[in-house]
Amino acid sequence: MIEKVLIANRGEIAIRVIRTCKALGIKTVAVYSDEDYNSLHVKQATESYNIGEGTPAKSYLNQEKILETILASGADAVHPGYGFLSENPDFARLCEKNKINFIGTTSNSMELCGDKMQCKAVMLKAKVPTVPGSPDIVKDADEALQIANEIKYPVLLKSVYGGGGRGIRLVHNDKELNENYDSAVGESMAAFGKSAMLVEKFLEKIRHIEYQLARDKKGNTVHIFERECSIQRRNQKLIEQTPSPVVDQETRDRIGEIVVRAAKAVDYTNLGTAEFLRTDEREFFFIEINARLQVEHPITELVSGLDLVKLQIDIANGEPIPFKQKDLKMNGYAIECRINAEDTFLDFAPSTGPIPDVTIPSGPGVRCDTYLYPGCTVSSFYDSLMGKLCTWGQTFEECRLRMLTALNDFYIQGVETSIPLYKTILKTDEYKNGELSTDFLKRYGILDRLTADIKEDKNANKEAALAAAVIHSEYFKSRVTSSVEDSTRWKSQLD
Amino acid sequence: MIEKVLIANRGEIAIRVIRTCKALGIKTVAVYSDEDYNSLHVKQATESYNIGEGTPAKSYLNQEKILETILASGADAVHPGYGFLSENPDFARLCEKNKINFIGTTSNSMELCGDKMQCKAVMLKAKVPTVPGSPDIVKDADEALQIANEIKYPVLLKSVYGGGGRGIRLVHNDKELNENYDSAVGESMAAFGKSAMLVEKFLEKIRHIEYQLARDKKGNTVHIFERECSIQRRNQKLIEQTPSPVVDQETRDRIGEIVVRAAKAVDYTNLGTAEFLRTDEREFFFIEINARLQVEHPITELVSGLDLVKLQIDIANGEPIPFKQKDLKMNGYAIECRINAEDTFLDFAPSTGPIPDVTIPSGPGVRCDTYLYPGCTVSSFYDSLMGKLCTWGQTFEECRLRMLTALNDFYIQGVETSIPLYKTILKTDEYKNGELSTDFLKRYGILDRLTADIKEDKNANKEAALAAAVIHSEYFKSRVTSSVEDSTRWKSQLD
Amino acid sequence: MDCKIEDIEGTFNGEIVENLGNNEYVIKLNDREQNLKILNMDARGIEFVLDQKYHKVKYLESGTSKMNLVVDGVPMTLNLHANLDEIVYKNVGGGGPAGTELALKSQIPGKVISIAFQEGASVKKGEAVCVLESMKMQVTVKAHKDGNIKSIKIKEGGTVAKNDVIAEIE
Amino acid sequence: MDCKIEDIEGTFNGEIVENLGNNEYVIKLNDREQNLKILNMDARGIEFVLDQKYHKVKYLESGTSKMNLVVDGVPMTLNLHANLDEIVYKNVGGGGPAGTELALKSQIPGKVISIAFQEGASVKKGEAVCVLESMKMQVTVKAHKDGNIKSIKIKEGGTVAKNDVIAEIE
């Protein structure tokens with residue numbers, strides 16, 4: 001039985017894991033970089049160890065240092081959170097070797113999930129539908145042409161080693177394919193020193209829908225419903241919700257069975273997420289299994305009533321999942337907004353620095369997981385996720401309205417945030433009607449609407465701004481005339 | 001349809017009502033006394049009006065002033081919260097006369113609920129079981145004796161006008177009754193100038209169990225399960241939970257039907273609470289209907305998924321209750337701890353003053369309704385309830401453990417609070433096993449256990465305290481020697 | 001530094017052994033050396049990690065002989081002595097002023113509702129001296145010892161702050 | 001006080017008409033008199049009720065000609081002028097420095113990954129001048145106008161703060 005968990009992570013997810021451990025009476029060990037000594041997870045854990053410099057490679061990604069800390073603290077288990085080492089099979093293997101209970105899947109299944117080509121092959125064998133395309137790399141343009149005609153244009157020509165748009169081409173017919181094949185190969189050779197081409201169906205107007213899955217060490221497998229995560233920027237999720245507006249019970253059960261099959265196919269253990277693309281033609285294509293706890297797990301907790309971190313710990317302890325698929329009932333609706341420190345108008349560029357003041361929303365149906373507190377700092381060493389604001393409602397509309405109210409109540413001083421963007425999105429008819437797609441922001445011109453909303457906010461506040469300015473200037477004047485000392489202090493405070 | 005609500009209250013309940021109104025797009029009007037100008041409800045409402053001095057009689061109880069503010073602000077409805085004017089039939093009548101939608105029951109049914117004698121008579125007629133005793137005042141000792149023998153000793157002799165223990169006697173047999181009858185009458189005459197005696201069965205080891213009820217203007221009536229509120233001090237509830245450990249589904253349905261009958265008997269409208277005493281012999285006796293939203297309504301929200309303030313507004317708008325009894329399902333367990341500003345060891349004496357710092361707990365399954373923020377003040381003009389900490393869990397144990405964690409996370413600087421007491425209570429086997437009664441604190445020697453727990457806490461923290469003292473003294477010394485100016489500032493900050 | 005901690009038996013000794021720089025110290029507590037890292041500190045409080053464990057301590061009042069702290073939410077009183085010649089041991093919970101003290105103090109702030117005695121009257125320990133009102137509740141202040149009321153420091157209808165002297169009993 | 005508010009057309013005028021005491025004022029905003037009650041105020045911000053509506057305003061920066069405020073969570077900039085002889089009207093969203101300005105500034109803090117030009121090179125508006133890294137993301141800083149790079153103020157591997165000058169383009 002797990003008695004002491006080292007959390008190999010930081011930020012809101014470290015705090016999230018500590019909370020459940022505390023409630024279960026399990027001791028916790030926090031690790032922190034030099035950049036994080038004043039972070040909330042350091043303060044909430046039973047014990048806290050400094051593990052090195054701010055750069056992730058020298059602390060949160062330093063496997064040897066973390067192993068050393070696990071052994072020094074006497075922790076018998078490690079929770080990797082998400083990001084950092086959470087999906088690194090080498091680290092999972094290191095834990096296995098040292099008889100440390102890694103709260104997640106096995107290193108072998110993690111490796112398989114991480115190798116997209118091999119995983120796709122396994123899924124095809126298990127009759128899990130994947131994005132149509134070549135089952136393996138194609139040897140030349142002719143084979144690519146043949147497959148393209150089988151799966152129908154438009155298709156993507158993709159180098160296995162590609163990334164950042166290089167070695168990838170969108171083609172609509174035989175002529176374009178022939179014209180582009182060699183240049184894609186050449187680009188991949190130039191950029192990565194090697195090339196191996198795939199052909200894949202190009203999907204338009206797609207939704208990102210994923211399933212929470214759980215599998216215990218005895219092989220009992222369940223899915224805990226879907227989450228729709230279509231609202232994204234640069235392939236990063238911004239807003240998630242459950243249930244998905246396009247998943248009815250029949251679909252939920254049908255895709256759910258596929259999810260269970262997929263989990264078995266890779267011999268998955270513990271909690272994971274099966275990600276799908278869903279086309280406008282209602283087809284679901286498996287893309288990958290995320291072999292870890294997901295950022296957006298709280299919305300599944302809100303509609304299922306489960307504590308997913310507790311479930312992770314139970315499974316890691318070798319216990320069977322304490323319920324059957326048929327026992328799970330979806331209750332109400334949940335939305336999550338990822339509160340990022342970023343400037344929407346600077347192409348979502350990160351915004352960092354000290355946070356002198358913050359007001360965290362609360363109230364019926366509101367849950368906020370965050371590392372923010374007045375006086376904390378948003379560090380430029382780590383990702384921009386400051387917190388996750390989740391609301392629950394008996395109806396979708398109640399849930400949406402609670403989110404809007406909570407977003408209005410959320411005040412963060414010191415950095416730009418994605419909060420204004422979310423307010424605009426949640427007020428659109430498209431969002432209300434569930435017309436979601438991964439290109440939602442561009443498709444519906446959301447940034448222009450945000451610009452208009454901000455202007456409207458400013459207009460609404462102009463008298464208050466003016467009044468504040470008048471009072472400020474009067475106060476300043478009175479200080480200057482009343483006392484030299486006072487005015488000096490006042491001025492120094494203003495600097 | 002209600003478009004603008006004046007909340008004739010303060011503190012956490014005003015904030016609670018504002019939250020639901022905001023989510024529904026209803027404008028809110030806050031009222032505040034001179035003592036409350038810096039309170040959170042003033043800041044969160046659409047508009048805020050000062051209504052007079054700190055003394056409740058000159059502000060929150062000032063019906064004319066509140067009516068005037070309703071009219072000045074253009075509010076079309078008033079929410080009375082709990083306490084203050086919430087159960088004052090004169091105020092409800094004043095609103096009715098002025099065509100203001102009073103969010104609560106009618107003045108007539110409120111009057112009936114408030115008159116215990118009349119209400120008991122109505123309930124007897126409706127076959128609602130009440131505490132055994134004389135149906136009306138008894139004319140002399142002989143009649144009292146006859147009734148006492150019918151309902152069996154021990155019985156209470158009670159003056160209708162009694163209060164504060166005066167005019168009330170516990171008697172165990174005919175002899176004691178005869179000896180005490182005249183002195184009880186005399187005491188009532190002396191204290192209240194009049195006397196009218198009742199006989200009532202004296203109940204030992206009782207639980208306080210109440211039912212949330214709702215009735216719309218068309219007469220549709222439901223109950224929304226029970227709440228057990230047995231843990232009390234001086235007849236004031238401290239900890240509530242739902243479901244009650246002694247209410248199974250059969251009992252829930254059976255008493256629920258009685259509750260529906262009771263609501264109809266007094267022609268109740270909107271939300272209310274039927275309170276019962278439950279004996280060790282599993283009998284339930286109706287005692288009264290609280291004609292308002294109850295302090296502890298959030299735990300019912302947590303297990304029912306309903307927003308009870310929204311339901312109040314819907315009913316006030318003349319809409320039918322949007323569900324049937326059979327649609328209501330209890331989901332999980334909820335506990336509420338009332339966070340009071342009081343000193344447990346000074347006989348629960350109030351503790352007031354500025355709150356320089358506060359940390360409000362959060363996390364999965366945690367809800368905290370409070371008016372606290374760093375820099376606020378707990379005023380001696382109003383009651384000691386600073387906030388309500390509620391947790392939800394899929395099992396009772398999960399709920400209890402989450403509450404313990406949240407209580408540990410709740411930090412309030414500046415006043416004494418009931419938090420340490422609750423930590424002790426929640427850790428007892430008696431609480432875990434659901435062995436509750438209204439004399440829980442005395443019956444299980446809770447204050448002695450609290451004393452022991454505090455000593456243990458101090459022991460656990462002695463090294464940290466010593467370290468803090470050493471650092472403080474060293475820091476102070478270094479300041480003194482390093483710079484006169486610095487040390488002066490340091491000292492002045494310490495003052 | 002030597003001290004006693006109220007409600008805890010025994011004497012405690014602590015000193016800084018070494019300043020490691022970067023806000024880290026080696027500190028000796030009752031002969032055991034531990035590492036201490038200060039995260040934050042100002043006149044009102046300190047946050048530090050002592051042997052890998054985080055603590056948040058508020059300094060409420062401090063003098064040369066006494067220090068009131070809140071350690072991780074637990075109020076604690078330290079009695080500081082260069083030479084401990086007196087055992088300070090007090091029970092948890094109210095307690096009130098010691099029997100030899102002259103002044104009867106109010107442990108809560110409130111409004112004075114009634115005063116039961118006049119100056120010069122004799123009073124027994126535990127008798128109600130006055131009634132205060134705070135938060136809609138009435139609280140009785142009882143005499144802390146037998147004696148004669150030398151002076152009454154409050155007036156009906158007036159207000160008292162916490163620790164204000166209500167009367168002197170000798 | 002006369003002022004312009006960025007992104008809002010029109011000129012605004014405000015003055016205190018009367019101090020009613022008890023932190024209450026009559027204030028005239030564009031010829032309309034309103035009641036204002038200050039709840040809290042310090043150098044960093046103010047909380048007040050203006051015609052029954054609560055507002056929380058933070059003062060971020062203020063000078064004789066410009067004031068940056070956050071009004072109920074909305075960042076706003078006021079341009080103060082005794083005589084408004086210039087229309088200040090700017091679109092929301094980035095915008096960056098005006099075309100006539102010499103200095104190209106960084107709008108985020110970060111580490112300098114690469115610099116695309118050397119001093120003396122000619123550059124076109126919109127061309128990438130350097131790449132910064134912050135929060136695991138790379139951000140390109142683009143030239144704000146056509147011109148020649150007079151000087152480069154950053155070094156590869158170094159860090160820049162928000163509003164630091166990256167290069168001067170003339």
Side-chain angles (χ1 to χ4, degrees), chain B residues 56 83 234 340-353 356-357 359 378-385 408-413 416 419-420 447 450-455 457-476 489-494, chain C residues 1 3 5-8 10 12-16 25 27-30 32 34 36 38 41-46 48 50-51 53 55-62 67 69-76 78 80 91-95 107-111 132-137 139-140 159 162:
Chain B
R234 298 201 204 153
N340 295 331
E342 62 188 24
D343 189 339
T344 309
F345 291 110
L346 269 178
D347 202 19
F348 305 101
S351 175
T352 62
D357 195 11
T359 308
V378 175
S379 164
S380 62
F381 279 100
Y382 312 109
D383 72 33
S384 61
L385 185 75
N408 273 320
D409 288 350
F410 211 153
Y411 175 68
I412 302 171
Q413 191 189 351
E416 299 290 329
I419 292 172
L447 261 56
L450 171 58
T451 304
D453 283 351
I454 289 175
K455 205 157 164 180
D457 279 349
K458 288 190 180 181
N459 246 310
N461 285 333
K462 62 190 178 198
E463 293 208 332
L466 186 56
V470 170
I471 297 286
H472 183 275
S473 103
E474 288 294 319
Y475 184 62
F476 184 56
R489 195 172 62 193
W490 175 249
K491 268 193 274 186
S492 75
Q493 287 176 307
L494 278 179
Chain C
M1 173 193 279
C3 77
I5 304 178
E6 266 186 12
D7 300 320
I8 296 180
F12 300 90
N13 173 278
E15 61 183 287
I16 291 175
Y25 297 85
I27 188 167
K28 199 158 86 178
L29 302 174
N30 274 10
R32 197 163 71 87
Q34 301 189 46
L36 183 145
I38 298 178
M41 180 166 186
D42 63 20
R44 283 171 299 271
I46 178 171
F48 59 92
L50 179 66
D51 256 9
K53 173 126 187 55
H55 297 281
K56 182 177 187 170
V57 177
K58 296 261 175 182
Y59 301 125
L60 296 187
E61 295 162 66
S62 69
M67 199 173 222
L69 307 174
V70 180
V71 184
D72 297 329
V74 180
M76 296 180 77
L78 270 63
L80 318 174
N91 267 316
V92 183
Q107 290 181 283
I108 59 158
K111 192 177 158 189
L132 303 179
E133 186 183 271
S134 183
M135 284 178 148
K136 302 194 293 189
M137 285 176 52
V139 180
T140 304
T159 57
K162 189 173 171 174

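Naming: A, B, ... by sequence-line order, numbering from 1 per chain.
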message: Going by ring pair (Phe, Tyr, Trp, His ring centres under 6.0 Å), name the residues that satisfy it together with B:F410, two or more places apart in sequence or in a different chain.
response: none

- request: State the CD-CD1 distance between B:E463 and C:I27, to the nearest 0.5 angstrom.
  value: 9.5 Å

- request: Taking all heavy atoms of C:Y59 and all of B:A468, pick out the closest pair and write down the distance.
  value: OH-O, 3.0 Å

message: Holding to side chain to side chain contact (heavy atoms under 4.5 Å, CB included), I want the full list of residues that pass it with B:N461, two or more places apart in sequence or in another chain.
response: C:V71, C:D72, C:V74, C:M76

message: Would you compute the distance between atom CD1 of C:I5 and atom NZ of B:K458 and round it to the nearest 0.5 angstrom?
response: 9.5 Å

- request: For residues C:L69 and B:A465, report the shortest heavy-atom separation together with the two atoms involved.
  value: CD1-O, 3.6 Å

query: At a heavy-atom separation under 4.5 Å, does C:K28 approach chain B through its side chain, its backbone, both, or neither?
result: neither

statement: All heavy atoms of B:L466 vs all of C:C3, minimum pair found to be CD1-SG, 3.6 Å

message: Contact between B:K462 and C:L29 at the side-chain level, heavy atoms closer than 4.5 Å - yes or no?
response: no

query: Quick one: what part of B:N408 sits under 4.5 Å from any heavy atom of chain C, side chain, backbone, both or neither?
result: neither

- request: Quick one: which of C:K58, C:H55, C:Q34 has the most heavy-atom pairs under 4.5 Å with chain B, could you say?
  value: C:K58

- request: Check each atom of C:N13 against the heavy atoms of chain B and say whether the ones under 4.5 Å are side chain, backbone, both or neither.
  value: backbone

query: If you look at every heavy atom in B:A469 and C:M67, which pair is closest and at what distance?
result: CB-SD, 3.6 Å

field: Over 12 non-hydrogen atoms of neighbours within 6.0 angstrom of NZ in C:K111
entry: no

- line: Shortest non-hydrogen pair, C:K56 vs B:D357, comes out as NZ-OD2, 3.8 Å

query: Would B:I471 and C:I16 count as a side-chain contact (heavy atoms from CB on, under 4.5 Å) if you check the C-alpha gap in whole Å, the side-chain angles of each, and the deciding distance to 0.1 Å?
result: CA-CA 8 Å; B:I471 297 286; C:I16 291 175; 4.1 Å; yes

